[in-house]
Student: 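Sharing a structure below in structure tokens format, with a few things to ask.
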Number of protein chains: 2
Amino acid sequence: MANRLLTLGRNLQRRKAREKEGLFVAEGIRTVEELLSSQVRAKGALVTSRLSETPRGKALREQLEAAGVPVEDVSEQEFESAAQTETPQGVLAIASVPEQRLADLNLGDVARILVLDAVQDPGNVGTMLRTALAFGVTATFSLPGTVDLWNAKVVRSGMGAHFRHPCLAGTWDDLDAFRREHAITMWAADVGGTPVEKLTPPSRLAVVVGNEGGGLSPRTREQVDRLVALSIEGVESLNVAVAAGILLYELRQ
Amino acid sequence: MANRLLTLGRNLQRRKAREKEGLFVAEGIRTVEELLSSQVRAKGALVTSRLSETPRGKALREQLEAAGVPVEDVSEQEFESAAQTETPQGVLAIASVPEQRLADLNLGDVARILVLDAVQDPGNVGTMLRTALAFGVTATFSLPGTVDLWNAKVVRSGMGAHFRHPCLAGTWDDLDAFRREHAITMWAADVGGTPVEKLTPPSRLAVVVGNEGGGLSPRTREQVDRLVALSIEGVESLNVAVAAGILLYELRQ
């Protein structure tokens with residue numbers, strides 16, 4: 001039983017292990033605080049002595065214990081072997097990936113879905129989840145080729161969004177079936193598209209953003225109802241998280 | 001004379017050296033390509049044998065030589081000792097920081113200035129410069145406490161924006177004098193501000209964004225004409241580069 005959580009934490013660095021176990025890792029004080037204040041259930045936490053050096057860290061440890069979360073004390077070196085983000089601040093929690101499926105989404109007359117089409121930078125993806133929550137987006141759906149939404153770096157960048165915003169992954173076929181069933185129009189961001197400020201958004205809309213370097217995948221180009229753009233000058237493109245932020249703001253419900 | 005550029009590149013990792021020499025470092029194929037296609041003058045480049053392994057890298061080396069830029073071949077290890085970004089792709093160029101001052105800015109009847117108030121993440125700052133260029137912002141001005149705009153990581157994230165968009169730094173007094181002289185209104189982003197979509201922007205406007213964790217500095221709060229916000233829910237704040245992107249889009253000229 002010794003170091004059971006440490007072994008688990010190390011395993012969860014691999015996407016396959018996260019998917020098999022249905023677990024993910026939340027690193028850093030802020031992320032673990034957000035986790036504890038959400039409905040997502042923490043299974044355990046790894047801490048080093050460093051955590052108790054600040055009042056905020058000390059309080060977090062007490063909160064973990066008060067919530068009945070098993071806490072395992074490990075050395076700095078052991079901790080580093082399980083952590084994936086920079087400056088993880090001597091605390092990480094292991095928690096269950098919320099069970100969410102497209103079929104469970106509660107779509108109103110008006111709905112917005114953010115679709116990630118092979119977006120690869122964990123910081124960009126976490127930032128987009130945070131933005132999606134902030135603008136009341138119904139859910140984010142990641143297509144194959146996108147970084148795992150439950151990667152520790154994505155969770156860290158999401159700053160708690162993962163615990164309050166439906167974060168889903170699936171295939172193109174899953175998304176197609178869902179769109180057909182719920183009459184969801186699909187727009188995708190592309191530099192050659194129609195300026196978005198000239199358009200009136202449909203009531204149910206999925207907004208697709210593509211890969212940082214390569215843009216939209218062939219299948220998105222084939223299936224999308226409309227390509228939309230932001231009017232820019234002097235640069236080839238905006239950062240994908242900035243572009244998604246402006247589109248979700250402009251197209252908010 | 002041997003390895004003169006290597007020694008210089010290593011020195012330029014320090015902000016003080018960059019300021020003293022008036023030089024900066026551009027790392028990676030894309031950034032160096034953008035540099036060469038701009039008006040900014042490259043003083044020299046360090047390359048490793050890895051650069052010539054791809055057609056694009058090989059073409060870049062030829063372009064550097066055709067442009068009369070001194071190219072110094074170094075080992076991978078030497079190169080790493082001068083590079084500051086991840087995966088610098090075997091090429092970095094040393095170039096002159098463009099001589100730009102507030103007094104030289106060409107302000108039209110309508111102007112937008114982005115002001116960075118102790119923003120610290122290089123990726124966020126580079127992304128904001130890219131956005132500022134894309135939306136036709138007149139200049140970006142960084143206040144004390146902000147990461148050096150000519151830091152190699154900021155330059156890399158800017159994806160060429162540094163070479164086409166005035167990137168300035170100075171004191172609060174510099175900014176005050178400039179604002180008084182040119183009748184520039186100042187708005188700052190703050191969660192407690194007026195929703196920006198309810199406002200009509202003045203013709204000459206400076207938009208201030210604050211530190212990632214701490215927000216606006218006391219001096220900004222004191223001097224700003226108005227605090228403005230984006231209407232968000234469920235999160236404390238947006239990522240600063242996303243917030244700046246939406247504000248610059250919403251308030252574009």
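Since we're looking at a predicted model, the values are computed, not measured. Below, read A as the first sequence line, B as the second, and so on, with proteins coming before strands; counting in each chain starts at 1.
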Student: Report which part of A:L248 has an atom under 4.5 Å of a heavy atom belonging to chain B: side chain, backbone, both, or neither.
Tutor: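 A:L248 has no heavy atom closer than 4.5 Å to chain B.
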
Student: Taking atom types as modelled, is there a side-chain donor on B:S96 or B:R41 under 3.5 Å from an acceptor on the other?
Tutor: no

Student: Given heavy-atom pairs under 4.5 angstrom as the criterion, report whether the side chain, backbone, both or neither of A:R164 touches chain B.
Tutor: side chain

Student: Is there a side-chain contact between B:E250 and A:Y249, using heavy atoms and a 4.5 Å cut-off?
Tutor: yes

Student: Quick one: which of A:S157, A:G160, A:A134, A:G245 has the most heavy-atom pairs under 4.5 Å with chain B, could you say?
Tutor: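 Ranked by heavy-atom pairs under 4.5 Å with chain B, first place is A:A134.
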
Student: Check each atom of A:T127 against the heavy atoms of chain B and say whether the ones under 4.5 Å are side chain, backbone, both or neither.
Tutor: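 Contact with chain B: side chain only.
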
Student: With distance as the sole criterion, is a donor-acceptor pair present between the side chains of A:T220 and A:D117 under 3.5 Å?
Tutor: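 A donor-acceptor contact under 3.5 Å links the two side chains.
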
Student: Could you tell me which portion of A:S231 (side chain, backbone, both or neither) has an atom closer than 4.5 angstrom to a non-hydrogen atom of chain B?
Tutor: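 Only the backbone of A:S231 comes within 4.5 Å of chain B.
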
Student: When heavy-atom pairs shorter than 4.5 Å are enumerated against chain B, which of A:V235, A:L133, A:L230 gives the highest number?
Tutor: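 Greatest number of close heavy-atom pairs with chain B: A:L133.
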
Student: In terms of heavy-atom pairs under 4.5 Å with chain B, which of A:M128, A:E236, A:E197 leads?
Tutor: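 Option with the greatest count: A:E197.
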
Student: Taking atom types as modelled and ignoring hydrogens, do the side chains of A:S237 and B:R130 form a donor-acceptor contact shorter than 3.5 angstrom?
Tutor: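 Yes - a donor-acceptor pair under 3.5 Å links their side chains.
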
Student: Indicate yes or no: does A:K58 engage A:E62 in a salt bridge with an N to O separation below 4.0 Å.
Tutor: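 No.
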
Student: Are A:R221 and A:D190 ion-paired here, with the side-chain N under 4.0 Å from a carboxylate O?
Tutor: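 Answer for the salt bridge query: yes.
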
